[in-house]
Amino acid sequence: MTLEQGDIVNQRYEILEMLGKGGMGAVYRARDVSLERAVALKVRTPDPNGTTLGMTQARAQFRREAQVLAHANHPNLPHIYDYFSLEDSEYIIMDLIEGENLHRLIQARGAQPEVLVLNWARQILDALVYLHANKFIHRDIKPHNLILASDDRIVLVDFGLVKLFDPNQPSTLTLLRGVGTPEYAPLEQYSREVGHTDPRSDIYALGATLYALLTGKTPPDVHVRLLHPDTMRGARELNPQISFGVESIIEKAMGLYPQQRYQTAQDMLLAFGFSPSRLTDAPRVEYLTPTRAATSPPAHAPSLADAPSAAAAVTDEAEPEPAPEAEVAPPPAERADDLAVSPVKQSTTGMLAARGIPRPSAVPAAETALDKTQILPPRPKLSVSIAQGVLRLQIAIGQHIEFVRVSAGAFQMGSNPQTDRDTQPDELPQIQVELSEYWISKYPITVGQYTIFTNATNRVTPFDFPQKSGHPVVNVSWYDALVFCRWASDLTGKQVHLPSEAEWEKAARGADGRLYPWGNAFDAQRLNCAEAKLSGTTPVDGFAAGVSPCGAWDMAGNVWEWVNDWYKADYYAEQVAQNPQGPETGYYKALRGGAWFSDRAHVRAADRTHFNPENQYDYVGFRIALTFDKAT
């Protein structure tokens, strides 16, 4: 039943107007006639076509939403005043927010400045730490459910998919398995084969939300990402003003599988450099026992002093489609300057308000995306220098990655079965390829160099053997290697990248078509491979006799190395003769070079293999390349 203007509900709440409507209910602006204040009234109405079981579950989930919010005491969460039933409908009464949801904000103004989004992220994470400490997960975090209130606070709303989480019984406490909005829902919210939803599900949704706020674009949903990983464009690719560290945090939060993400909201909070607020160890949320509506108003109503300054309501608690966009009241007419730049007010929760971060200004989206605001003053780019034919790229004070030059020109890519008895089908046909000049790292990236990267970006280290700092780093996925390249590019202003298959092979064998970096005859003394019987990785500078014609070390054996190309077994048949970059799409990434356990056939310069780019292996590392223009 639709309520009309002027209707009185439960002898206390006068309906003023509908704010939003969904498949299972609606939200209204109402007036509490007892206390003379504006409130939001959320009603769940029975589905006339629903089953008895379905209606029972929907009613229980609505009650759970009320129970969660009844005693929640956090400035970034809604607070309810009343819960009751009338006939077959349930009602929640809560504070009415005067503000704007972030979905509408980015639709109108596009990507938001990083410094502003980080203020919002701090508040949301603070609320999630509180919720998760009380064993609740939200399961529907998205810009639509984040309201920028008139006092510059972000309020997380719509607890229609809330779940009580017990790590010992993850499958028993969900009344309705809501899918949520595809662009913001993690994989486990679609399929129990991946696992049950838990606090890491909220972390994925928050990462996707921050991606949308900073780029103005919604990320692809997880099914698209699984089938076509290249559809997930980096945040900095869409908005170069995003800092590398923030992009790195978002990428980790949006890991496809729960174990790839931050494991707690507090971990993500600390990754940003924020401190947990005093609310982290909040008391457990108690359950509200709903009662049938009385024939008269309650004897005791919450006082104004008991209520936080803002909360919100939205409608569709279990529908997979996005919530209606009219669930929040627009700002009153007299606040026409509500979106003008103004300082953020000081709060008592330890948030970023004291930094005076501005509210979003009404500027065109394109102008906002190019906003020069940064968290810290611009950092000077680290040095890139060339001495004695070696390019040195500085990654920290006193720490460099060395590169050797590969001259422009042609080389033979692939194998000739008449001269190489170990030729594999994916190395055919042998073709002549022309490459422009480039530089390739003299050695694979080492544990020591990767540690500088993880320390700078708060990424998890993939190893626990710091004494092997001179060994090649392993247990890194292709995506980890890609992020390393972006970090190095950000440090130096140069376009650092993973080498293509063609660039890697030319650096390994030179222009004369040799089978191994040193020549055509296999020699186990020149590399770390199965025949060398060393049983593990060795320092990257351990085999001077195995150096390639351009001066690159360790290009045969020790660890397989990720390259940039998607793998395609018959790619050479396409006869791409100039600067080939591999197929446009694929399921696996190519690797080159062989590992410490590989035989002589698999350490040849032309040998190819392929792995899932998301996986990590203790025998796979990488090296990097760049194109150096002295003018830049």
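Index from 1, following the sequence.
Between the side chain of W518 and the backbone N or O of A521, at least one donor-acceptor pair lies under 3.5 Å. Within the 3.5 Å criterion, the main-chain N or O of D422 finds a donor-acceptor partner in the side chain of Q424. Side chain of K506 to backbone of S407: a donor-acceptor contact under 3.5 angstrom is found. Within the 3.5 Å criterion, the main-chain N or O of A605 finds a donor-acceptor partner in the side chain of R592. A donor-acceptor pair under 3.5 Å is formed between the side chain of S548 and the backbone N or O of A552. A donor-acceptor pair under 3.5 Å is formed between the side chain of D565 and the backbone N or O of E501. Without hydrogens or angle criteria, S248 side chain to F244 main chain gives no donor-acceptor distance under 3.5 Å.
The closest side-chain donor-acceptor pair between Q616 and D480 falls under 3.5 angstrom. Counting only N and O atoms by type, the side chains of T231 and R233 include no donor and acceptor under 3.5 Å apart. Donor-acceptor pairing under 3.5 Å is lacking for the side chains of D230 and T585. Side chain to side chain, S436 and N579 meet the donor-acceptor criterion of an N or O pair below 3.5 Å. Q263 and R200 are linked by a side-chain donor-acceptor pair at a separation below 3.5 angstrom, with hydrogens and angles left out of the test. Judged purely by distance below 3.5 Å, without hydrogens or angles, the side chains of S243 and E114 pair a donor atom with an acceptor atom. Side chain to side chain, Q449 and Q399 fail the donor-acceptor criterion of an N or O pair below 3.5 Å. A donor-acceptor pair shorter than 3.5 Å cannot be found between the side chains of Y619 and N558. Side-chain contact check for E402 and S441: no donor-acceptor pair (N or O, by modelled atom type) lies under 3.5 Å. There is no side-chain donor-acceptor pair under 3.5 Å between Y572 and D570. No side-chain donor from either of W566 and E584 sits under 3.5 Å from a side-chain acceptor of the other.
P580 is linked by a side chain to side chain contact (heavy atoms under 4.5 Å, CB included) to V433, L435, A502, Y571, V576, counting only residues two or more places apart in sequence or in another chain.
Here the closest non-hydrogen pair linking L591 and V563 is N-CG2, 4.3 Å. In plain terms, the two heavy atoms of S477 and E614 that are nearest each other are CB-O, 3.6 Å. Considering every non-hydrogen atom in both D554 and F543, the closest pair reads OD1-CD1, 4.4 Å.
Shown are Y443, F453, W478, F484; of these, the ring-ring contact (aromatic ring centres under 6.0 Å, His included) with F622 is made only by F484.
Note that the CG atom of L206 and the CZ atom of R261 stand 12.0 Å from one another [nearest 0.5 Å].
Electrostatic pairing of R139 and D202 does not count as a salt bridge here, judged by no charged N lying under 4.0 Å from a carboxylate O. For D490 and R236, the salt-bridge test passes: some basic side-chain N is under 4.0 Å from an acidic carboxylate O. In summary, E427 and R604 engage in a salt bridge, as defined by a charged side-chain N under 4.0 Å from a carboxylate O. A salt bridge does not link E561 to K589: none of the charged side-chain nitrogens sits closer than 4.0 Å to a carboxylate oxygen. Checked for salt-bridge contact, K142 and E183 miss the test: no charged N lies under 4.0 Å from a carboxylate O.
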> Would E251 and E247 count as a side chain to side chain contact (heavy atoms under 4.5 Å, CB included) if you check the C-alpha gap in whole Å, the side-chain angles of each, and the deciding distance to 0.1 Å?
Replying inline: CA-CA 6 Å; E251 287 182 351; E247 180 187 53; 3.9 Å; yes
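Ring-centre distance between Y204 and Y184: not below the 6.0 Å cut-off. Between F611 and Y617, the ring centre distance stays below 6.0 Å.
At a threshold of 4.5 Å between non-hydrogen side-chain atoms, the residues N416 and T423 do not count as touching.
The number of heavy atoms from other shown groups lying within 6.0 Å of CD (Q495) does not exceed 12.
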